[in-house]
Amino acid sequence: MSNLCFDAVPVSPNVWWVGARDWSVRNFHGYETNRGSSYNAFLVIDEKVTVIDAVKAPFVPEMLARIASVIDPAKVDYVISNHSEPDHSGGLPEIIAATNPEKVFASTAGTKTLAAYYGLENITTVKTGDSISLGAGSIAFVDTKMLHWPDSMVSFYDRDKVLFSQDAFGMHLAASPIWADECDTAVLDYEARKYFANILNLQADRVIGLLDSLPGLNLDIKIIAPDHGPLWRQDLEWILNLYRDAAEQKYRKHALVAFSTMWHSTEKLAFALAEGIRAAGVEVQLCDLEANDRSAVMTEVARSGLIAFGAPTMNNQMFPKMADVLNYIKGLRPKNKIGFAFGSYGWSGEGAKQIAAELEAMGAEQLEPLFQVKYMPSAEDLCKMTEIGKKLGAALIERCQ
Ligand code: FEO
């Protein structure tokens with residue numbers, strides 16, 4: 001038994017939370033996690049004692065202590081790995097070593113990933129339609145390929161009606177309560193949308209497919225227990241609807257103006273453009289890339305029907321931070337966007353052209369030609385930008401009707 005003072009938290013009569021809160025993490029593979037994160041793992045007490053998912057490797061002592069607060073870890077019979085990304089599997093080899101389970105379950109792809117990362121062998125593969133009896137209850141599996149990795153699957157414990165949804169319906173949020181209904185709704189809304197935009201947007205169509213398939217699975221879900229952030233026991237429709245809304249990516253009456261600047265020329269253009277968008281009746285968010293990381297910008301992209309990017313040219317290239325951000329956003333494949341490129345230059349002027357090319361590659365509709373100025377914008381240039389902002393704002397309003 002562990003002598004660490006970490007207790008398991010009850011989730012339902014036979015399920016316990018045995019995960020860890022990571023209050024300090026600020027970078028999740030390039031995603032700025034301003035509010036930390038959590039690695040949720042679960043313990044099911046049935047005739048077959050079962051652990052579902054694990055934690056990052058440094059948190060294993062904490063997870064084992066939480067298990068030990070309920071049952072001797074040596075009594076664990078089964079371990080299920082719903083998702084093998086290292087934030088959930090990093091501690092898995094140690095958990096398996098400490099519990100010596102009779103069986104470890106994963107999807108076919110998960111089996112391969114766990115072998116590649118950790119040399120784990122003798123894993124029992126499961127797929128959609130399979131279920132295992134734990135005694136009084138059973139666990140059914142549903143493949144959720146690419147949500148978030150090829151191996152991803154969810155599992156459902158029918159006795160307590162808990163859906164263990166791994167990355168799906170989660171968010172990077174370290175919070176003292178384990179329940180969403182005990183957290184600030186505005187924080188949940190922002191962090192869930194940020195998570196979707198940065199982790200799942202690329203697979204938005206698959207998310208819609210999953211949401212469409214849930215009623216047909218007849219699971220009678222009472223609790224959704226993701227692997228990050230709080231769990232859902234009340235108003236499950238809130239998070240399901242948020243996911244559907246995010247996945248549908250309809251035009252939204254909101255604009256983003258993101259910019260980099262060297263000597264304030266592009267910044268002046270950005271402010272003038274935003275003024276026009278605002279005057280057209282569209283709420284606009286300005287993001288200086290010095291003050292906003294790529295994941296914050298992507299979050300704004302997701303809620304904006306109009307996305308404008310401006311940067312100076314440096315060494316015949318767009319400013320490096322803009323290149324980083326656009327490359328990242330393009331990979332997440334946002335849909336239904338009006339795009340606009342602008343910038344300033346001193347010598348050659350490739351910056352705005354490269355931004356326009358990136359917007360083209362994203363499939364954004366560029367209703368206005370790119371706009372750039374040499375050295376410093378004149379008063380006339382700034383007025384032109386405001387006029388462009390008004391036109392783009394009006395166009396967005398039309399698309400939102
Ligand atoms: Fe939370 Fe895709 O790992």
Side-chain angles (χ1 to χ4, degrees), residues 17-42 51-60 62-63 79-93 95 105-118 120 141-155 163-175 178 180 188 191-207 210 224-232 239 242-243 246-247 294-295 298-299 328 331-333:
W17 178 86
V18 292
R21 300 173 183 88
D22 189 347
W23 296 96
S24 303
V25 66
R26 289 295 179 270
N27 186 324
F28 184 88
H29 60 47
Y31 171 147
E32 190 176 57
T33 49
N34 312 62
R35 290 185 168 102
S37 192
S38 61
Y39 316 115
N40 297 334
F42 303 94
V51 165
I52 299 178
D53 285 327
V55 292
K56 273 187 180 176
F59 296 91
V60 164
E62 181 175 337
M63 179 173 169
V79 171
I80 294 169
S81 172
N82 278 329
H83 180 23
S84 58
E85 191 165 6
D87 49 327
H88 311 294
S89 68
L92 200 59
I95 294 293
F105 299 92
S107 67
T108 303
T111 301
K112 291 175 185 164
T113 318
L114 294 173
Y117 270 108
Y118 314 110
L120 293 176
F141 301 97
V142 179
D143 291 318
T144 54
K145 186 179 177 182
M146 299 315 299
L147 303 177
H148 152 235
W149 271 16
D151 64 290
S152 290
M153 64 179 189
V154 300
S155 46
L163 180 73
F164 302 99
S165 63
Q166 46 96 35
D167 279 349
F169 312 119
M171 67 186 74
H172 287 307
L173 173 64
I178 68 159
L188 297 178
E191 295 298 344
R193 288 185 185 279
K194 181 174 185 179
Y195 187 87
F196 189 97
N198 287 279
I199 300 289
L200 296 170
N201 201 80
L202 171 62
Q203 301 294 342
D205 291 344
R206 288 180 189 268
V207 171
L210 172 64
I224 297 177
D227 275 358
H228 296 291
L231 283 54
W232 306 87
I239 187 67
L242 184 148
Y243 260 58
R294 62 177 83 85
S295 58
M298 181 59 205
T299 308
Y328 178 76
L332 289 162
R333 293 192 198 155

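First listed ligand is number 1; within each ligand, the first listed atom is number 1.
- At a cut-off of 3.5 Å, with distance as the only test, a side-chain donor of Asp167 or His83 sits close to an acceptor on the other residue.
- Side-chain contact, His172 with Asn198: no donor N or O sits under 3.5 Å from an acceptor N or O.
- Heavy atoms only, all atoms of each residue included: Ala54 and Gly91 are closest at CB-C, 4.3 Å.
- For Asp151 (side chain) and Ser84 (main-chain N/O), a donor-acceptor pair under 3.5 Å exists by modelled atom type.
- Excluding waters, the set of protein N/O/S atoms under 2.8 Å from atom 2 (Fe) of ligand 1 reads His83 NE2, Glu85 OE1, His148 ND1, Asp167 OD2.
- Partner of Gln166 under the side-chain contact (heavy atoms from CB on, under 4.5 Å) criterion, chosen from Asn40, Asp53, Ile52: Asp53.
- Of all heavy-atom pairs spanning Tyr31 and Glu191, the tightest one is OH-O, 4.3 Å.
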